[in-house]
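What follows is one structure encoded as structure tokens, with my remarks underneath.
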Protein chains: 2
Amino acid sequence: MEANVVVEGGSSNSWLALVDSIVKIRSKVAEFPGKMKKVAEDDPRRIVHSFKVGLAITLVSLFYYFDHLYVGFGSSAMWAVLTVIVVIEFSVGATLGKGLNRGLATFLAGTLGFGAHHLANLPGRELQPILLGIFVFILAATVSFIRFFPRMKVRYDYGLLIFMLTFCLISVSGYRDEEVLEMAHKRVSTILIGGFTAIFVCIFICPVWAGEDLHNLAANNLEKLASFLEGFGDEYFRKSSEPESNKASLQAYKSILNSKQSEESLVNFARWEPPHGPFRFRHPWKQYLKIGSLTRQCAYRIEALNGCLNSDVQASPETCRNFREAFIKASSETGKAVKGLASAMRTMTLPTGDCPQTAKSKNAADNLKSLLRTGLCEGIDIVEILEVATVASLLLDILACTEKISESIHELASLAHFKRLEPDEKDGNPDLDKQKQVWQSSNSIASNHHHHIITIE
Amino acid sequence: MEANVVVEGGSSNSWLALVDSIVKIRSKVAEFPGKMKKVAEDDPRRIVHSFKVGLAITLVSLFYYFDHLYVGFGSSAMWAVLTVIVVIEFSVGATLGKGLNRGLATFLAGTLGFGAHHLANLPGRELQPILLGIFVFILAATVSFIRFFPRMKVRYDYGLLIFMLTFCLISVSGYRDEEVLEMAHKRVSTILIGGFTAIFVCIFICPVWAGEDLHNLAANNLEKLASFLEGFGDEYFRKSSEPESNKASLQAYKSILNSKQSEESLVNFARWEPPHGPFRFRHPWKQYLKIGSLTRQCAYRIEALNGCLNSDVQASPETCRNFREAFIKASSETGKAVKGLASAMRTMTLPTGDCPQTAKSKNAADNLKSLLRTGLCEGIDIVEILEVATVASLLLDILACTEKISESIHELASLAHFKRLEPDEKDGNPDLDKQKQVWQSSNSIASNHHHHIITIE
């Protein structure tokens, strides 16, 4: 069809451009359902969240509607709608953080704004606008500057914004003192109504806990490391004639490289959350940052190791059997040990004492190290040695990294009071299996712990 | 003093805790001026920004104040204050993006909301709240879902929020049709007033261009890579008896590892900005993402290389002079080549043909490669070879990486029409030096290009 158009309107470029853009738009519209499906499949909780937002806004909109008909808060009622829309977020932590920030900031700024308004009234009508202007300028400049403080930015950015907003609206409103009090009272009440609606819907209908997401993210990232390590040895020594193995699972670690930002925001949200599921009051969320940073350290080295996979000089497996076996063993044993750590994270249960996997992985690493020290095997070409040595010493570096990860997880375990298991209990422990199931259905966790939330609210 | 308290009130723990927390608060307050100074020193434009925000808010607050006294927009005038506070951001691009999002979304949602309001009025008074509830629910749920689309989230998240907000406020307002029109008209006008105030102050008083920041970030990151490469060779072969050299400049590359997020948001802001300084209309901002990603690739490998610096087995410099010289040369020549790239980025001038630095770095790399292939020098201990080989092959991997970076910068140069210089012009070129100076004072760049902005507005 496009070819047809070219023949007919070949002379006019603008026609062609038009047709071209129509075709583009059509293809974009055609892609839309597919994209929608992908967004929904990536995380089905997104659909639930959309319905929750719709519900919360409808509830509070109807309140606004009826308030207008039967006169109560007047135009202030719209603050309820505004608050719900602005406050409701995907996770409970984010919603609570925004709601608390907004509520507290409105209250503080309302008080301060009322004071400023009263003060500016004292010297008389002429000076009032000048004084108000000065107050607003000083406050706005100071608060804007404070927003640059890294710590403030992370936790109270939204509160500072609302503080500035409310102060200006109230102090400059130009009403008499009594009217300002009335207005402040209405604003605070409607914001409370909106805030509670948002928080209520967010917590009581299929809640999404940032803390749980953070915990799962940490465990998932460890699993990605593990699956790389398990698969790497075989992939590296694969003959080019053999079919490519599970390359996709080898590349999964790439998402860890840029996980810092999302980890930090999840930690920040999680700190606003009340106890839920296995996470008690004062759960050591900050420890997750440490684990995450070590995991990334490890992923950077894996990225370098992965570069060797595509290198042109690869070791020929025939000449160096000893080394190959030691290498594959070290890599896969460490993979297993990391997988064990990941599952310990996920179930929040740690075997007492050293786990056998860690010991095996250490043995394999020592074996590889001593092979390297003694100069691999004899009669092997020096070029090959060099190539192989690089890979091996990167691998040993990664193994050292996983040991640090293991330490930080043990720290987390003692801080967060993970369950302790006798080593022999671990295999086929019915309690553990049960807990795994509980873990995988987030709804049940959340619904078990609603009473905690209510006490905090 | 603390010891004194312990003696006096030793028996009561609560007293101690109180004193402890007072001491803590006092030390925090004492730290405050130092922190403030640091925040300001990190980027002095932050102080200017704070004053700009103060100014914009004061201007629009006084408008609100006088409007209330002489009656114009009525309570709608507060939307002007609200808009300024919410829209004004650090960089021009962010402010423009938010302003345009807010303006457009308000207009669209106002129209749609009016339509919904009118439609819901048709069947009669009883059905109206039900119909409105359904409309609001459908719209809120759909928009919330669309906000999860990655592309939408990046560019239009704020617009979608405001769209939802305005639609709900207008459609549910419960007024008669004429009143709704009046209200919508007032809201749009006051939002325009607020938006223009914010954009005006942001652009015309010491503007901060996201595009410029992005460009400088890319050049700075390259320089950090370069200074690592220049220093690494010497540091690696440093005898432990020698004093530590510039370790700080060696570690500067670490900030690159997590630069993805800030790069992406700068690109997003820059795309909203009108032409300014050397950046023309349709400047290829997306190419910076490519350069950034390659720079990070390189930084990951440098992170692995940096791990070798702290390794326990280091090559003894005496045994392997050939290798040491080749290694130091390859590392430092590549560092120089990358520095050349960084300065080409910064001045937006590229020498025609291959630059001599690149050729030198390639030579040095080839030399190192051939040394590795022939098995270094003879008579050297195998353990040492292995250690050294790892470092060398990582370095060669990094060199390959820098070539890719160089390619992507040449791509940028042709897309963005960098100036071309004959190789011999480059040294001591007065034009170039002049442009460097212009580059370093951002104010002059910006003030040269205000006419561009006005045409776009």
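A, B, ... follow the sequence lines: proteins, then strands. Residue 1 opens every chain.
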A/His49-B/Phe148 aromatic ring centre distance below 6.0 Å: yes
Straight-line distance of A/Met78 CE to B/Leu165 CG, nearest 0.5 Å: 9.0 Å
Can you tell me how far OG1 of A/Thr142 sits from CE of B/Met36, rounded to the nearest 0.5 angstrom? 7.5 Å
Would you please indicate if the ring centroids of B/Phe149 and A/Phe32 are separated by under 6.0 Å? yes
side-chain contact (heavy atoms from CB on, under 4.5 Å) between B/Tyr300 and A/Arg301: does it pass, once the steps are laid out? CA-CA 7 Å; B/Tyr300 296 148; A/Arg301 280 157 181 73; over 6 Å; no
Within-4.5 Å side-chain heavy-atom neighbours: B/Glu303 and A/Gln297: yes
Heavy-atom closest pair, residues A/Phe145 and B/Val39: CZ-CG1, 4.0 Å
Correct closest heavy-atom pair for A/Val81 and B/Cys168 would be CG1-CB, 3.9 Å
Could you tell me the separation between the CG atom of A/Leu305 and the CG atom of B/Asp397, rounded to the nearest 0.5 Å? 10.5 Å
So which atom in B/Ala304 and which in A/Leu394 form the shortest heavy-atom distance, rounded to 0.1 Å? CB-CD2, 4.2 Å
Hey, could you give me the CG/CD1 distance between B/Leu161 and A/Ile85, rounded to the nearest 0.5 Å? 7.0 Å
Between B/Ala56, B/Gly133, B/Ser61, B/Ala40, which residue shows the highest count of heavy-atom pairs closer than 4.5 Å to chain A? B/Ser61
Proximity breakdown for B/Ala400 and chain A, heavy-atom pairs closer than 4.5 Å: neither
Tell me which of these, B/Gln261, B/Lys35, B/Arg296, has more heavy-atom pairs under 4.5 Å with chain A than the rest. B/Gln261
Pick whichever of A/Cys401, A/Ala140, A/Pro150, A/Gly54 has the most heavy-atom pairs under 4.5 Å with chain B. A/Gly54
Part of A/Phe90 lying under 4.5 Å from any heavy atom of chain B: side chain
Most contact-rich option vs chain B, by heavy-atom pairs under 4.5 angstrom, among A/Met164, A/Lys38, A/Lys52, is A/Met164
Value for CG (A/Leu132) from OH (B/Tyr64), rounded to nearest 0.5 Å, stands at 12.0 Å
Which atoms form the tightest heavy-atom contact between B/Leu55 and A/Phe137, and what is the distance? N-CE1, 3.4 Å
Would you name the heavy atoms of A/Pro129 and B/Leu62 that are closest together and state the gap between them? O-CD2, 3.8 Å
Find the distance between CZ (B/Phe167) and CD1 (A/Ile57) and round it off to the nearest 0.5 Å. 11.0 Å
Can you find a heavy atom in the side chain of A/Lys260 that is under 4.5 Å from one in the side chain of B/Leu257? no
Looking at every heavy atom in both A/Ser144 and B/Val53, which two are closest together, and how far apart are they? OG-CG1, 3.1 Å
